[in-house]
2 protein chains.
Amino acid sequence: MPPRDQEQTRRRVIEATIELLTREGRDAVTTRAVALAAGLQPPAIYRLFGDKDGLLDAIAEHGFATFLASKSLDPDPRDPIEDLKAGWDLAVEFGLANPALYVLMYADPTRPASAAFTAGMEILMSRIRRLAAAGWLRVDEELAAAIIHATARGAVLTWLSLPEDRRDPALLTTLRESMLTAVTNHEPATQEAGPIGAARALRAALPEQTALSDGEQHLLEEWLDRLTLGR
Amino acid sequence: MPPRDQEQTRRRVIEATIELLTREGRDAVTTRAVALAAGLQPPAIYRLFGDKDGLLDAIAEHGFATFLASKSLDPDPRDPIEDLKAGWDLAVEFGLANPALYVLMYADPTRPASAAFTAGMEILMSRIRRLAAAGWLRVDEELAAAIIHATARGAVLTWLSLPEDRRDPALLTTLRESMLTAVTNHEPATQEAGPIGAARALRAALPEQTALSDGEQHLLEEWLDRLTLGR
DNA sequence: GGAGAGTGGTAACGTTGATATATGCCACCT
DNA sequence: AGGTGGCATATATCAACGTTACCACTCTCC
């Protein structure tokens, strides 16, 4: 049997599993129930996914990918802050739209990061890097990622743990705004994009620094001048 | 047998379970393993706790209570803001000190709130109420509780999901400060960028530059890192 | 002293994740 | 065309799990 068919049954199993998970909950996802829902025998799961964790990773990836595909993410290079907000909203929206899947992916911190998890992190990191390049970042990139991740995670899990009639949308907007003020500056540290603007801004602010020796600072100034000249 | 003895064996079982949980992880907590560790037969668990969830609730309550007992919480009626900070720190500290227990209590949002969970919420709510009485609250009490809860939950779970060598304590202090500015009218002491922001921007934009040699760029990156660290 | 209630121990049931063994099918080579 | 090897399927099975039924014992109270 060519791998085409196997890929097809893989998809069928994955979709049946997601259906089962969202409709009957986490505990209903047993290898037998999945096999039955997909019209296979229990051992087939193991041939296709290795073990149950493999199956769960696969459905996480599939669910995340289809969610992303349903959204159009077109970053505006001129407003990285708006992009960050949109990215945060996207992460939260995924959690609210796919609670069971989200809990599977993000609830247990001891669970090793799945492919879907790292894929989401990649999206975030690219936006953070653009923010940093534009001089907006108040903290270093790694800390920014952690803050964004933590606020989104806390927002979704807390939202889901509240009974439906006590869920206040202000929780989400407030947390997003807090995240923003924690991560970004009120004004960008550089006026122009790219290394040239950053170099010029640093050149201007350099006299205040104390971390470098006189000699180091002198050489640094030369380099910054070369950078601003672009050659 | 008088209930005195039963209470004693209950305690023994609870402590054995916590020991098992923290030493060998979540999956090691089976009714049989717990019974063996406590020197009982498996059915005894059910006589004492009803079912396995009853046992887990009991250990959550016990773990939370002993943690609280080890801390002295003496609210200062004159500084409710400091009290809130201390309360948030307390919640986070509990999570970092008892990861397995915390995950059990807070990871799965579909799990019904245990006694320990609501006990922690009670502590929080009393502080929020005092904050509100003093006129410090920027949002209504329920939203404040949700924000505090969400930031703490996100902080702990994100912290635990990071590998140990990438855990930055600034994540916790930053999130606490964000929570504070989101919930209260207290003005944050925000530091302005100076050369740090510009250095960070240049660091992020550096790969695009062509004016410097590889060696120069490498040394420059080291200096920029030193500048952003401020020492 | 005997009846009843409650405790404790043994064995067992149904289900789960996972695997080993047997059965059937299809492409491929001679 | 007819074997033949390899692979997907199907059945049976395993150990471990949460949980419960059942039985023997002991203690209490009349």
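Sequence lines set the chain letters: A, B, ... in the order given, protein chains first and strands last, and positions in each chain run from 1.
- Remark: the backbone N or O of Leu101(B) is not paired with any side-chain donor or acceptor of Asn98(B) at under 3.5 angstrom.
- As a whole-Å value, the separation of Lys52(B) NZ from dA16(D) P is 15 Å.
- At the heavy-atom level, Thr31(B) lies under 4.0 Å from base atoms of the strands shown.
- Among the heavy atoms of the strands lying under 4.0 Å from Val29(B) are primed sugar atoms or P, OP1, OP2 only; no base atom is included.
- Regarding Arg32(A), its CZ atom lies at a distance of 11 Å from the C1' atom of dA12(D), rounded to whole Å.
- Non-hydrogen atoms lying under 4.0 Å from DNA chain D are contributed by Gln41(A), Pro43(A), Arg47(A), all within residues 40-50 of chain A.
- Atoms CG (Leu55(A)) and C1' (dT16(C)) sit 14 Å apart, rounded to a whole Å.
- A salt bridge links Arg111(B) with Asp57(B): the closest approach of a Lys/Arg side-chain nitrogen to an acidic carboxylate oxygen falls below 4.0 angstrom.
- Rounded to whole angstrom, the span from the CG atom of Leu36(B) across to the P atom of dG9(C) amounts to 13 Å.
- Rounded to an integer number of Å, the gap from CG of Asp27(B) to P of dT16(C) is 17 Å.
- Across the protein-nucleic acid pair, Asp51(A) atom CG and dA16(D) atom C1' stand 17 Å apart, rounded to whole Å.
- The backbone N or O of Trp159(B) lies less than 3.5 Å from a partner atom in the side chain of Arg167(B), making a donor-acceptor pair.
- Remark: the backbone N or O of Asp83(B) is paired with a side-chain donor or acceptor of Arg127(B) at under 3.5 angstrom.
- Classification of the Phe117(A)-Tyr106(A) ring pair by plane angle, with boundaries at 30° and 60°, yields tilted.
- Arg11(B) and Glu7(B) are not joined by a salt bridge, as no carboxylate oxygen comes within less than 4.0 angstrom of a charged side-chain nitrogen.
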